[in-house]
Amino acid sequence: MKKYFFTYVFIIMNLLANAQQSDAVGTVGVQVEKKINRTFSFVYYSQLALNENYTELGYALFDFGTNIKLNSRFTFGANYRVATIKGLDNQFDERYLLYSDLSYNKSFGDFGINIRTRFVTKQYGFHSNEDLNYKDDKHYFRNKIQLKYEFNYNYSVFVSDEQIYRLDLLNKTEQWRYTAGLNYQINTYNRLQLSYSINRDVNTRQPDTNYIAGVTYYFKF
């Protein structure tokens, strides 16, 4: 009986150790894009997030970049992002991300597809704990596919799947992000987006799963 008991405890402990930790997150974002001409545009984006079931400020990020329309199908982008993230010690630390995108867009009647690959370099800022101040840069590929359906000029819905793939000799997928959302095109310049995402860690001993409800306002001129 004792043998079965310890076997049961061992199984339960392993299940708990590998169980996913979940959190509900809410985000609010604003993006402003200024078109210079048919080819170039400058983009600013910022976002705030509440985590711990919408009770605490989890992070704030600010993003600056440019988009270059290569032709009717392909667009190249280069951005710099500063993120302030709350850690497990309740201290806010900085992350600096430099990334570039290559995306492909095509429409099929009322349907549209967007395929994007992104190369990311992540750097760590100063930490209040001096022992944690130095961390190596991290490098990722973020590959995303999105399908959209337009009901009319004002309303469209979309679903997307994004893979976050870590390089640095690890060469493994660290997270999958699944998103569904609704776009409301207010007029030529203004758009409102509602979205719901599931961010799921993989290939780690204690994976997290975040359920993210977001609202983003877009202004393009």
Side-chain angles (χ1 to χ4, degrees), residues 27-49 59-85 94-123 137-165 177 179-197 199 212-221:
T27 65
V28 178
V30 175
Q31 177 172 300
V32 179
E33 181 175 358
K34 169 60 177 175
K35 294 187 66 176
I36 306 303
N37 51 43
R38 291 186 176 182
T39 302
F40 293 93
S41 64
F42 291 106
V43 181
Y44 166 78
Y45 178 72
S46 62
Q47 185 183 81
L48 294 176
Y59 66 81
L61 64 85
F62 307 91
D63 195 303
F64 306 86
T66 183
N67 289 329
I68 303 173
K69 195 172 183 63
L70 303 177
N71 54 41
S72 60
R73 297 281 182 261
F74 288 93
T75 302
F76 174 80
N79 293 67
Y80 183 72
R81 175 174 295 183
V82 179
T84 302
I85 301 174
E94 286 74 37
R95 307 285 189 273
Y96 306 100
L97 293 89
L98 181 66
Y99 64 90
S100 57
D101 295 345
L102 182 63
S103 61
Y104 170 82
N105 290 278
K106 185 171 178 57
S107 297
F108 305 88
D110 294 330
F111 290 91
I113 185 170
N114 176 274
I115 301 173
R116 186 215 70 201
T117 186
R118 172 179 292 177
F119 177 73
V120 183
T121 297
K122 179 194 289 186
Q123 298 176 323
D137 294 352
K138 293 182 178 180
H139 303 88
Y140 300 87
F141 275 120
R142 293 178 55 169
N143 304 307
K144 181 178 179 180
I145 182 169
Q146 176 179 288
L147 298 176
K148 183 176 71 171
Y149 178 76
E150 294 185 355
F151 292 100
N152 50 44
Y153 171 81
N154 296 107
Y155 292 98
S156 64
V157 292
F158 65 91
V159 292
S160 67
D161 183 11
E162 183 175 10
Q163 174 200 37
I164 300 178
Y165 187 84
R177 296 184 176 181
T179 304
L182 169 70
N183 289 310
Y184 174 54
Q185 190 73 41
I186 302 170
N187 53 39
T188 304
Y189 305 104
N190 300 276
R191 177 165 61 94
L192 191 65
Q193 182 182 94
L194 304 177
S195 63
Y196 187 79
S197 302
N199 294 2
I212 304 173
V215 55
T216 306
Y217 166 70
Y218 296 88
F219 180 65
K220 186 175 183 179
F221 64 106

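We count residues from 1, following the sequence as given. All figures in this text were calculated on a predicted structure; none of them were measured in a lab. Worth knowing before you read on, the calculation uses all heavy atoms, side chains too, and leaves out hydrogens, waters and symmetry mates.
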Engineer: Please identify which of these residues, Y99, F64, Y96, meets the side-chain contact (heavy atoms from CB on, under 4.5 Å) condition with R81.
Structural biologist: Y99
Engineer: For F62 and Y44, work out which heavy atoms get closest and say how close.
Structural biologist: CD2-OH, 3.5 Å
Engineer: Give the minimum heavy-atom separation between A180 and V159, together with the two atoms involved.
Structural biologist: CB-CG1, 4.1 Å
Engineer: Could you label the plane-to-plane angle of the F219 and Y217 rings as parallel, tilted or perpendicular, counting under 30° as parallel and over 60° as perpendicular?
Structural biologist: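 Ring orientation, 0 to 90° scale: parallel.
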Engineer: How close do L48 and A60 get, heavy atom to heavy atom, and via which atoms?
Structural biologist: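 Smallest interatomic distance, heavy atoms only, reads CD2-CB, 3.3 Å.
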Engineer: Are side-chain heavy atoms of Y59 and T27 found at a separation under 4.5 Å?
Structural biologist: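 Yes - at least one pair of side-chain heavy atoms lies under 4.5 Å apart.
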Engineer: Taking all non-hydrogen atoms of both residues into account, name the closest pair between Q185 and Y153 and its distance.
Structural biologist: CB-O, 3.4 Å
Engineer: Please report the shortest heavy-atom distance between S195 and F158, naming the atom on each side.
Structural biologist: CB-CZ, 4.3 Å
Engineer: With sequence neighbours left out, write down each residue that passes side-chain hydrogen bond (donor to acceptor under 3.5 Å, both in side chains) with Y140, or none if nothing qualifies.
Structural biologist: none
Engineer: Under a 4.5 Å cut-off applied to non-hydrogen side-chain atoms, are L147 and Y149 in contact?
Structural biologist: no
Engineer: What residues, two or more places apart in sequence or in another chain, satisfy side-chain contact (heavy atoms from CB on, under 4.5 Å) together with S197?
Structural biologist: T179, N199, I212
Engineer: Got a salt bridge between E33 and K35, using NZ or NE/NH1/NH2 to carboxylate O under 4.0 Å?
Structural biologist: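 Salt bridge: no.
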Engineer: If you take all heavy atoms of N79 and L98, which pair is closest and at what distance?
Structural biologist: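 Residues N79 and L98, closest heavy atoms: O-CD1, 3.4 Å.
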Engineer: Crowded around F42 CZ? As in, over 12 foreign heavy atoms under 6.0 Å?
Structural biologist: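 No - once you tally the heavy atoms of other residues, nucleotides and ligands closer than 6.0 Å, there are 12 at most.
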Engineer: Identify each donor-acceptor pair in which a side-chain atom of residues 106-120 lies under 3.5 Å from a protein atom, sequence neighbours left out, and give them as a table.
Structural biologist:
residue: N114; atom: ND2; partner: N105; partner atom: OD1; Å: 2.6
residue: R116; atom: NH2; partner: R142; partner atom: O; Å: 3.1
residue: R116; atom: NH2; partner: E162; partner atom: OE2; Å: 2.8
residue: T117; atom: OG1; partner: N143; partner atom: OD1; Å: 2.8
residue: R118; atom: NE; partner: D101; partner atom: OD1; Å: 2.6
residue: R118; atom: NE; partner: D101; partner atom: OD2; Å: 3.4
residue: R118; atom: NH2; partner: D101; partner atom: OD2; Å: 3.0

Engineer: Between L97 and D63, is there a side-chain heavy-atom distance shorter than 4.5 Å?
Structural biologist: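 In short, these two side chains do not touch, never coming nearer than 4.5 Å.
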Engineer: Is any side-chain heavy atom of L194 closer than 4.5 Å to a side-chain heavy atom of Y184?
Structural biologist: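 Side chain of L194 against side chain of Y184, heavy atoms only: no contact under 4.5 Å found.
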